[in-house]
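The structure under discussion appears below in the form of structure tokens.
Note that the numbering runs from 1 along the sequence shown for the chain.
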Amino acid sequence: MSLKKKPVTGMKDILPAEMQVREYVMNQIRETYGGFGFNSIETPCVEHIENLSSKQGGDNEKLIFKIMKRGEKLNLETAQMENDLVDSGLRYDLTVPLSRYYSNNAAVLPAPFKSLQMGSVWRADRPQRGRFRQFVQCDIDILGDPTRLAEIELILATTTLLGKIGFKGYTVRINDRNILKGMAAQCGFSEESYDQVFIILDKMDKIGMDGVAGELKEAGYPEENIKNYLSLFETVTRDASGVRSLKEVLKDAMDPEQAENLAAIIDSVSAITTSQFKIEFDPTLVRGMSYYTGTIFEILVDGFPGSVGGGGRYDKMIGKFTGMDTPACGFSIGFERIITILMEEGFTVPGSEERFAFLIEKGVSDAVMNEAVKEAMNERAKGKTVLVSQMNKNKKFQKESLIKEGYTQFKEFYKEALKETN
């Protein structure tokens with residue numbers, strides 16, 4: 001059987017030029033979030049299958065890369081169900097592992113705990129632009145703070161980061177799951193129907209108001225309920241005053257304080273931030289994860305399909321592990337999507353140090369080779385990056401490739417003479 005040189009579908013090799021951008025963005029993430037008091041942690045890439053299949057991860061639970069039992073635990077002859085073969089899986093996000101981590105270590109962690117976690121996750125998804133089966137997520141979470149200060153800090157930290165790497169003019173969409181439920185209840189939908197109604201509502205940006213109305217009708221809901229429901233979305237404004245107007249309309253269907261909390265978050269972020277973005281109330285924002293219990297948010301960048309970040313409050317998840325609910329709120333940036341945008345725009349790492357390449361002609365004497373390596377070592381001792389490499393036959397192509405990797409200065413060592421080029 002011949003070996004395959006291409007990576008597995010949905011996964012990719014990362015070339016040096018992209019790797020430089022990735023490392024730059026990762027360093028900006030650590031520096032920026034560290035300045036907001038977030039602590040770096042790490043969790044295993046493999047999780048217990050019970051945790052991954054706890055009906056907290058929405059459709060992602062259908063995309064788990066499952067891992068078979070090993071050794072004596074694996075008995076193919078007696079296995080009757082999938083659970084007899086599987087005991088773990090690759091994590092599909094960082095929130096479930098974080099909840100387990102906090103539940104296991106809360107006694108030795110500060111309260112509230114501000115967490116920063118970066119790492120690969122895996123989903124058996126359909127690959128497309130900016131979406132892979134293995135990809136890096138970057139999450140910040142605040143555990144143990146029930147107040148809106150958590151949401152405000154998460155939004156400000158994330159938008160500060162995006163500003164540092166050159167993003168501006170994007171939109172932070174924000175909503176609250178309690179408002180979603182209040183709107184549905186106000187218009188006569190039963191609690192049992194919420195999940196289906198919200199799944200259809202989540203398609204609003206793709207199929208429009210008429211499409212949502214059609215699917216709700218097809219699902220068997222009364223026309224009066226549908227008409228009243230969609231009229232709420234047509235009249236509400238996309239700002240804090242829109243939230244407050246809904247608060248009055250929904251006062252019998254939800255706690256008015258929940259709506260006021262969302263409006264206050266929008267007001268505070270708008271008043272405090274120095275970054276260039278819009279924060280917009282979007283009553284159609286749903287987010288697929290069933291573990292969200294309150295505020296939810298997403299980031300949209302013009303010209304890029306789908307969100308490049310998102311998150312929300314998930315106050316019930318840690319209680320699944322400990323039996324005691326713990327306030328929790330998080331924001332995840334779409335690291336791979338951000339890198340895709342930067343690479344497509346020809347992003348170059350700002351303030352990169354000058355990089356030198358010493359090219360040695362084949363067949364030079366040991367004395368010439370040693371001279372080149374010694375000079376390179378002297379420059380490296382000064383903090384400079386110096387590549388020492390044999391000169392290729394196609395020197396022009398070799399230099400062009402090195403320039404793409406950031407090398408700007410070249411020095412050539414020959415059998416008979418030394419040449420310097422820029």
Side-chain angles (χ1 to χ4, degrees), residues 17-40 94 114-119 129-130 135-142 145 148-175 238-240 262 264-282 285 287 295-313 329-353 406:
E18 180 179 338
M19 200 65 205
Q20 289 178 33
V21 176
R22 295 172 74 91
E23 289 177 346
Y24 169 76
V25 173
M26 285 185 176
N27 288 335
Q28 290 296 311
I29 289 169
R30 294 187 184 95
E31 178 183 303
T32 304
Y33 289 157
F36 278 77
F38 289 90
N39 301 289
S40 293
L94 297 178
K114 302 179 77 171
S115 162
L116 161 61
Q117 187 174 190
M118 282 189 286
R129 180 185 175 214
F135 56 97
V136 171
Q137 275 195 343
C138 171
D139 286 16
I140 50 172
D141 295 81
I142 300 178
D145 185 350
R148 59 177 168 267
L149 176 61
E151 283 91 338
I152 293 168
E153 279 279 277
L154 291 168
I155 295 171
L156 291 175
T158 301
T159 52
T160 298
L161 167 68
L162 291 176
K164 280 190 174 183
I165 58 178
F167 283 81
K168 56 185 178 181
Y170 55 90
T171 301
V172 176
R173 302 161 65 205
I174 190 167
N175 196 11
R238 299 300 183 98
D239 53 16
L262 181 63
I265 292 171
I266 297 173
D267 284 340
S268 295
V269 171
S270 300
I272 296 168
T273 187
T274 57
S275 300
Q276 299 179 46
F277 69 94
K278 294 186 298 182
I279 183 166
E280 181 179 278
F281 169 51
D282 187 347
L285 179 63
R287 297 219 30 99
T295 317
I296 48 178
F297 24 70
E298 281 188 350
I299 296 175
L300 295 183
V301 173
D302 289 343
F304 194 87
S307 66
V308 298
R313 184 166 283 280
C329 195
F331 209 140
S332 175
I333 61 167
F335 182 84
E336 302 294 347
R337 295 185 176 188
I338 286 172
I339 296 298
T340 297
I341 293 171
L342 293 177
M343 296 301 294
E344 289 178 354
E345 293 179 347
F347 178 83
T348 56
V349 175
S352 298
E353 63 180 10

Checklist entry - Do the ring planes of F36 and F38 sit parallel (below 30°), tilted (30 to 60°) or perpendicular (above 60°)? => result tilted
Next on the checklist: Side chains of F135 and R337, heavy atoms from C-beta outward: is any pair under 4.5 Å?
Outcome noted: no
Item to check | Least distance between heavy atoms, V301 atom then Y170 atom | outcome: CG2-CB, 4.1 Å
Checklist entry - If you measure from OG on S332 to CD on Q117, what distance do you get to the nearest 0.5 Å? => result 10.0 Å
Checklist entry - Do you know which of D267, D239, T273, I266 makes side-chain contact (heavy atoms from CB on, under 4.5 Å) with I279? => result I266
Checklist entry - Roughly how far, to the nearest 0.5 Å, is CG of N39 from CG of D141? => result 12.0 Å
Checklist outcome for this item: Sorted by chain and number, sequence neighbours left out, side-chain hydrogen bond (donor to acceptor under 3.5 Å, both in side chains) with T159 holds for none
Next on the checklist: Taking R173's backbone N and O only, do any of them form a donor-acceptor pair with T171's side chain (distance below 3.5 Å, no angle check)?
Outcome noted: no
Checklist entry - Looking only at heavy atoms, what is the nearest atom pair of R30 and L116, with distance? => result CA-CD2, 4.2 Å
Item to check | Inter-residue atom distance R22.CZ - M343.CE, 0.5 Å rounding | outcome: 9.5 Å
Checklist entry - Parallel under 30°, tilted from 30 to 60°, perpendicular over 60°: which one fits the rings of F347 and Y24? => result tilted
Checklist entry - Side-chain contact, heavy-atom cut-off 4.5 Å: I333 with I29? => result yes
Item to check | Distance in Å, I165 CD1 paired with L342 CG, rounded so as to fall on 0.5 Å steps | outcome: 5.5 Å
Next on the checklist: Assess the residue pair V308 and F167 against the criterion (side chain to side chain contact (heavy atoms under 4.5 Å, CB included)); give the C-alpha distance rounded to whole Å, side-chain angles, the decisive distance to 0.1 Å, and a yes or no.
Outcome noted: CA-CA 11 Å; V308 298; F167 283 81; 5.7 Å; no
Checklist entry - So do the side chains of I299 and S307 get within less than 4.5 Å of each other, counting heavy atoms only? => result no
Checklist outcome for this item: Between E18 and I339, the two heavy atoms sitting closest are OE2-CG2, 3.7 Å
Checklist entry - For R313 and A150, which heavy atoms make the closest approach, and how far apart are they? => result NH2-CB, 3.6 Å
Checklist entry - Any side-chain heavy-atom pair from L162 and S275 closer than 4.5 angstrom? => result no
Checklist entry - Between I265 and I155, is any pair of side-chain heavy atoms under 4.5 Å apart? => result yes
Checklist entry - When rounded to the nearest 0.5 angstrom, what is the spacing between CD in E31 and CG in L161? => result 10.0 Å
Item to check | Spacing of CD belonging to E153 relative to OG1 belonging to T160, to within rounding of 0.5 Å | outcome: 9.5 Å
Item to check | Closest contact, heavy atoms only, Y33 versus C138 | outcome: CE1-SG, 3.9 Å
Next on the checklist: Determine whether a donor-acceptor pair (N or O, by modelled atom type, separation under 3.5 Å) exists between the side chain of N175 and the backbone of L285.
Outcome noted: yes
Checklist entry - Would you say E151 and I174 make side-chain contact, with heavy atoms under 4.5 Å? => result no
Checklist entry - Donor-acceptor pair, Q137 side chain versus F335 backbone, under 3.5 Å? => result no
Checklist entry - Is there a side-chain contact between E298 and D282 (heavy atoms, below 4.5 Å)? => result no
Item to check | 4.5 Å side-chain heavy-atom contact, I140 and K114 | outcome: no
Checklist outcome for this item: In short, C329 meets F297 closest at the heavy-atom pair SG-CZ, 4.1 Å
